[in-house]
Every structure is written in C-alpha cells, then in structure tokens.
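Structure record follows, encoded as structure tokens.
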Amino acid sequence: MPSVSTNVFVSRPATEVFDFLADARNLALWSSGVASVDAAYVTPGPRAVYRYRYPGRRRPHHLVCADYEPCRRIAFRGQRMWSPLGTQVPLYSFDLLPHADGTLVRLSVTSSLTAALTLMAPLVAMAWRRDLPTDGRKFCDVLVGAALAPAGALHGPLGAPPAAAAQGAAGGAGEAQGEPAVPAGTAMRTAPAPHGYDYAH
C-alpha cells in the first residue's frame, strides 16, 4: 500500500484552506489524481459523495469524504477500481497546522492495491513522489491567487455556490447496490491539464 506525502505552506488562514479542500470539486484545479469532478454542489461534511473521474478512466466513480475535522484534517476515498491485474482504491488526505501568517498543509496520497497490482506498488509510489510536489505547488498557486481570480473560478468560501444548488450526501435517496447517492449527471469540472497514472486501467 504505497503512501506518499509532501508539506506545503499557504499564506491563507486555516479556515479558508480547509473550506477550499472540503469542496472536492476544487481537487480538479490542482491534483494530478483527479481528472474531473461533477460540477453539482454537494454540502461538504462527513460522508459527502461526489462523482469524479480518475485519470485514464472513462466512466465516473464515487469520491467519498472519509474524514472531516474542521480546520485540522479532511480526506477523500475514491471508489474501488477494477482491472484484470487487481483493484486499487485511492485516498487523498490533508492535514492542516495553523500558523500566525498562514497554514502548513500535509498533502498525502495512499493507494490500496490488491492481487498482481501490489507488484507495481514501487512504480505507483515513484509516480506520486514525482507528481505530488508539483501538485503541492499548484495547490499553493491556486489558493494564493484566488483573490485575483474571476468570480466563480473557485468553489467554497472563495467562490460561494448558488443558494439553490443541488446537494448530495451518503445514505440519500436513489441508492443502488449499497452505494450512496451521487448528484445527477451534470457537466464535470475538469483540470486545465489533467495528468497522472492509472496503474489499474
């Protein structure tokens, strides 16, 4: 189970950083592990469910908020993805440490692999060690430049959602095969240049 982390410092208060991270749609703006996220608004919180696309995958998967501690920690777990070699489940986690002049953020990615895919764990870790520092720099650039961005360019407190926006949460109506409901099919927010590796494709 390869796990890779990197630390970045953002000159924004922890409340703003957490609120930005809590809206998983923003992952598509900077994370190489997220190609796109459904544009429908979902109320942030424990077990909030989003629909996203993993790089290299054609169909959407669920992305569930697996940990939610305001201004301290948040994590999103992707849906299990199958391939002839085995399965993988990505976990994106973020730990925040407030400072007087900003916030120290620990960005982590953990890939749970099964079957023959476990043999590729060193390659998965190598790819994330290469890409995560770049993701961290992009994350900082997006947050620091948010004040200069056009209205609506960011989600959450840095660009509030419409009052009548749709919402989704685990355990809602429309569950199928034990999976939580997800927002209805709407356009997905896509990163300007999504990249990354899909070793389970």
Side-chain angles (χ1 to χ4, degrees), residues 1-8 21-38 40 42 46-69 73-95 105-136 138-139 168-172 174-185 188-201:
M1 187 168 66
S3 183
V4 177
S5 300
T6 190
N7 295 328
V8 295
L21 289 169
D23 189 336
R25 296 177 297 174
N26 289 324
L27 288 170
L29 297 174
W30 61 272
S31 175
S32 59
V34 177
S36 60
V37 181
D38 197 306
V42 176
R47 297 179 300 281
V49 181
Y50 298 81
R51 196 169 62 167
Y52 87 117
R53 284 194 175 93
Y54 189 85
R57 291 279 171 158
R58 289 185 293 274
R59 73 179 185 87
H61 289 77
H62 292 164
L63 188 67
V64 181
C65 182
D67 203 349
Y68 189 90
E69 297 179 52
R73 175 178 169 81
I74 189 163
F76 296 97
R77 179 177 288 108
Q79 183 178 340
R80 184 183 305 274
M81 293 177 283
W82 179 89
S83 82
L85 296 177
T87 63
Q88 68 168 318
V89 176
L91 176 69
Y92 311 99
S93 57
F94 314 101
D95 295 282
V105 185
R106 184 174 182 82
L107 311 174
S108 303
V109 178
T110 302
S111 298
S112 298
L113 309 174
T114 66
L117 277 180
T118 58
L119 301 176
M120 303 185 73
L123 291 177
V124 174
M126 181 178 67
W128 277 115
R129 279 196 297 269
R130 182 200 64 194
D131 290 346
L132 198 56
T134 301
D135 289 350
K138 188 183 294 185
F139 170 74
E175 292 182 2
Q177 298 179 354
E179 292 183 347
V182 296
M188 287 207 167
R189 184 180 185 92
T190 306
H195 59 288
Y197 289 91
D198 178 9
Y199 286 105
H201 182 61

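In plain terms, the two heavy atoms of Gly86 and Ala115 that are nearest each other are CA-CB, 3.8 Å. Scanning all heavy atoms of the two residues, the minimum distance from Ala75 to Leu91 falls at CB-CD1, 4.1 Å. Scanning all heavy atoms of the two residues, the minimum distance from Pro90 to Gln79 falls at CD-O, 4.2 Å. Contact record, Pro2 with Val124: CG-CG1, 3.9 Å, taken as the closest heavy-atom pair. Here the closest heavy-atom approach between residue Ala24 and residue Val37 is recorded as O-CG2, 3.6 Å. Heavy atoms only, all atoms of each residue included: Gln88 and Tyr54 are closest at OE1-OH, 3.8 Å.
Distance CZ/Arg51 to OG/Ser36: 9.5 Å, rounded to 0.5 Å. Rounded to the nearest 0.5 angstrom, Met81 CE and Leu113 CG are separated by 9.5 Å. We find the CG-OG distance between Asp131 and Ser32 to be 4.5 Å, quoted to the nearest 0.5 Å. Here the straight-line distance linking atom OH of Tyr52 with atom CG of Leu63 works out to 5.5 Å at 0.5 Å rounding.
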Inset, instruction - Begin with the C-alpha distance, continue with both residues' side-chain angles, and end with the deciding distance and a verdict on side chain to side chain contact (heavy atoms under 4.5 Å, CB included) for Tyr50 and Arg25. - result: CA-CA 8 Å; Tyr50 298 81; Arg25 296 177 297 174; 4.3 Å; yes
Inset, instruction - Give the C-alpha distance, both sets of side-chain angles, the deciding distance and a yes or no for salt bridge (charged side-chain N to carboxylate O under 4.0 Å, His left out) between Arg106 and Asp95. - result: CA-CA 5 Å; Arg106 184 174 182 82; Asp95 295 282; 5.4 Å; no
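Although no hydrogens or angles enter the test, the distance criterion places a donor-acceptor pair under 3.5 Å between the side chain of Tyr92 and the main chain of Gly33. In this structure a side-chain-to-backbone donor-acceptor pair under 3.5 Å is present from Thr114 to Thr87. Asn26 places no side-chain N or O within donor-acceptor distance of the main-chain N or O of Leu21, the cut-off being under 3.5 Å.
Looking only at side-chain heavy atoms (C-beta outward), His61 and Arg53 stay at 4.5 Å or farther from each other. Using a 4.5 Å cut-off on side-chain heavy atoms (C-beta onward), Val49 and Phe76 make no contact. With contacts defined as side-chain heavy-atom distances shorter than 4.5 Å, the pair Ser108/Phe94 does not qualify. Two residues are said to be in side-chain contact when any heavy atoms from C-beta on lie closer than 4.5 Å; Trp128 and Ser3 fail this criterion. The shortest distance between side-chain heavy atoms of Arg77 and Val89 falls below 4.5 Å. In this structure, the side chains of Leu132 and Thr134 stay at 4.5 Å or more apart for every pair of heavy atoms. Using a 4.5 Å cut-off on side-chain heavy atoms (C-beta onward), Leu107 and Trp30 make contact.
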